[in-house]
Novice: 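The structure's right below; bear with me while I get my questions together.
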Number of protein chains: 2
Amino acid sequence: MNNESNPTNQEANRGSKNLGRLILQLRRLERQPHTFGHAGKLTPSEIHTIDAIGYDGAILMSELAARLGVTKGAITQVVDRLEAKSLVIRSPHPHDSRSSIVSLSEDGKEAYRAHEAVHLEFYNQLRSQLSEQEIKIFEKSIEILNNMLSK
Amino acid sequence: MNNESNPTNQEANRGSKNLGRLILQLRRLERQPHTFGHAGKLTPSEIHTIDAIGYDGAILMSELAARLGVTKGAITQVVDRLEAKSLVIRSPHPHDSRSSIVSLSEDGKEAYRAHEAVHLEFYNQLRSQLSEQEIKIFEKSIEILNNMLSK
DNA sequence: TGCCATTAGTTTAGGATCTAAACAATAGGC
DNA sequence: GCCTATTGTTTAGATCCTAAACTAATGGCA
């Protein structure tokens, strides 16, 4: 049986292609540095790390690695860079001298806020083009995708 | 006015966060090589390039660069690698000796098919968890996102 | 108490990916 | 024929990541 002759398969094909195009766009976006606050240009890794630490966060290096899905070595390197830019602070763990706790400096918090604002604005721009009900369905789809990809 | 006290903002915030999580997952996925057909492991760039050439495609290097949103130099490098793996073929342009035309070899076509099948299977898995109508809305959302990002 | 496996984080070498800029060669209008 | 634009390549360097070897501290347990 020819795969393209089935109308349901045709539809799946088109949808799959559109999803592919979206991934390409995100790839392009995720390549270039952007300015957030007056912290200067931040690379994608840097801003993702700031985001993962969180505004009020105090997180271990290893937790950060798990959250971002990279090795501890990768975290050491990006946190080194962020510390050199005075965006994050490494503090000693009170009860375990092997650990260090990472948190945002004031400038880091400003970058966090600015990045969050960009995301929110983007998301609101999407929402403005959908009805109440459509947004709910979109969010449900995103959650399904998240579940599918987390396995 | 506090941004978090508004229920509409709260909802946008949660949705925006979920979208952020999806981007993180895609980032992780887009980092590691995968096997398609018996072409051996292909890096993300390699498979994206094969995808952009297309199954029956004959495309100029510069068109490929435009389609993938990278510089011509980047394309030269990845096509060099794909040619060394015998997955693509460079042919001279009949009327313009500056240009070269890139197309898929038989092994390249096999990798293309295998990759396409993975995408389709993934998309069908998503579709199986949504109603007919929900899929339509999801696809509409993806198209809106594509439009927003292409600017 | 002292041993030792586990855990936290760092270092290093190297691979993948990309860009910017300089470059060579051809094309095509005037 | 000249000159500018275009095609593709080369090269150096930045970013981002991994794997593996390493240091140091923890904590269970004999």
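Naming: A, B, ... by sequence-line order, numbering from 1 per chain.
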Novice: In the structure I gave you, are the side-chain heavy atoms of R27(A) and S45(B) within less than 4.5 Å of one another anywhere?
Specialist: yes

Novice: Side-chain donor-acceptor pairs under 3.5 Å in residues 72-79 of chain A, sequence neighbours left out?
Specialist:
{"from": "T76(A)", "atom 1": "OG1", "to": "K72(A)", "atom 2": "O", "distance (Å)": "3.2"}
{"from": "Q77(A)", "atom 1": "NE2", "to": "G73(A)", "atom 2": "O", "distance (Å)": "3.2"}

Novice: Can you sort out the partners of R21(B) under side-chain contact (heavy atoms from CB on, under 4.5 Å), two or more places apart, ordered by chain and number?
Specialist: N146(A), N18(B)

Novice: What one-letter contact string describes nucleotides 24-30 of chain C from 5' to 3', where B marks a base within less than 4.0 Å of any protein heavy atom, S marks contact via sugar-phosphate atoms alone, and - marks no contact?
Specialist: -BBS---

Novice: Kindly say if S62(B) contacts the phosphate of dG8(D), meaning a side-chain N or O under 4.0 Å from OP1 or OP2.
Specialist: yes

Novice: Can you list, in residue-number order, the parts of residues 71-92 of chain A that come under 4.0 Å of DNA chain C, counting heavy atoms only?
Specialist: K72(A), G73(A), T76(A), Q77(A), R90(A)

Novice: Might you work through the side-chain hydrogen bond (donor to acceptor under 3.5 Å, both in side chains) test for R31(B) and T43(B), ending with a clear yes or no?
Specialist: CA-CA 8 Å; R31(B) 215 182 295 135; T43(B) 66; over 6 Å; no

Novice: Compare all side-chain heavy atoms of K140(A) with those of L130(B) and state whether any distance is below 4.5 angstrom.
Specialist: yes

Novice: Charged N to carboxylate O under 4.0 angstrom, R113(B) versus E116(B)?
Specialist: yes

Novice: Tell me the ring pair (Phe, Tyr, Trp, His ring centres under 6.0 Å) pairs involving residues 122-151 of chain B, sequence neighbours left out?
Specialist: none

Novice: Based on the rotation axes of five pairs at each end, what angle does the helix from dT1(C)-dA30(D) to dC30(C)-dG1(D) bend through, to 10°?
Specialist: 10°

Novice: Near DNA chain C, counting only heavy atoms under 4.0 Å, which residues of residues 19-55 of chain B show up?
Specialist: T43(B), P44(B), S45(B)

Novice: Is there a side-chain contact between M61(A) and S100(A) in this structure, where contact means two heavy atoms from C-beta onward sitting under 4.5 Å apart?
Specialist: yes

Novice: Name each donor-acceptor pair under 3.5 Å that joins a side chain in residues 83-91 of chain B to protein atoms two or more places apart or in another chain, with its distance.
Specialist:
{"from": "E83(B)", "atom 1": "OE1", "to": "R90(B)", "atom 2": "NE", "distance (Å)": "3.2"}
{"from": "E83(B)", "atom 1": "OE1", "to": "R90(B)", "atom 2": "NH2", "distance (Å)": "3.4"}
{"from": "E83(B)", "atom 1": "OE2", "to": "R90(B)", "atom 2": "N", "distance (Å)": "3.4"}
{"from": "K85(B)", "atom 1": "NZ", "to": "K41(B)", "atom 2": "O", "distance (Å)": "3.4"}
{"from": "K85(B)", "atom 1": "NZ", "to": "E46(B)", "atom 2": "OE1", "distance (Å)": "2.9"}
{"from": "K85(B)", "atom 1": "NZ", "to": "E46(B)", "atom 2": "OE2", "distance (Å)": "3.2"}
{"from": "R90(B)", "atom 1": "NH2", "to": "D80(B)", "atom 2": "OD1", "distance (Å)": "2.3"}

Novice: Is I101(B) isolated, or which residues cluster with it under the ILVMFWY side-chain rule of less than 4.5 Å, directly or via members?
Specialist: L60(B)

Novice: For L68(A) and dT18(D), what is the distance between atoms CG and C1' respectively, to the nearest whole Å?
Specialist: 15 Å

Novice: What residues form a side-chain contact (heavy atoms from CB on, under 4.5 Å) with L29(B), not counting sequence neighbours?
Specialist: L149(A)

Novice: Rounded to whole angstroms, how far apart are CD on E63(A) and P on dT7(C)?
Specialist: 15 Å

Novice: Determine which pairs satisfy ring pair (Phe, Tyr, Trp, His ring centres under 6.0 Å) with at least one residue from residues 64-100 of chain B, sequence neighbours left out, and list them in order.
Specialist: none

Novice: Whole Å only: how far is the CE atom of M61(A) from the C1' atom of dA25(D)?
Specialist: 16 Å

Novice: Given atom CZ of R67(A) and atom C1' of dA8(C), what is their separation to the nearest angstrom?
Specialist: 17 Å

Novice: Quick one: ring pair (Phe, Tyr, Trp, His ring centres under 6.0 Å) pairs with a partner in residues 17-51 of chain B, sequence neighbours left out?
Specialist: F36(B)-H115(B)

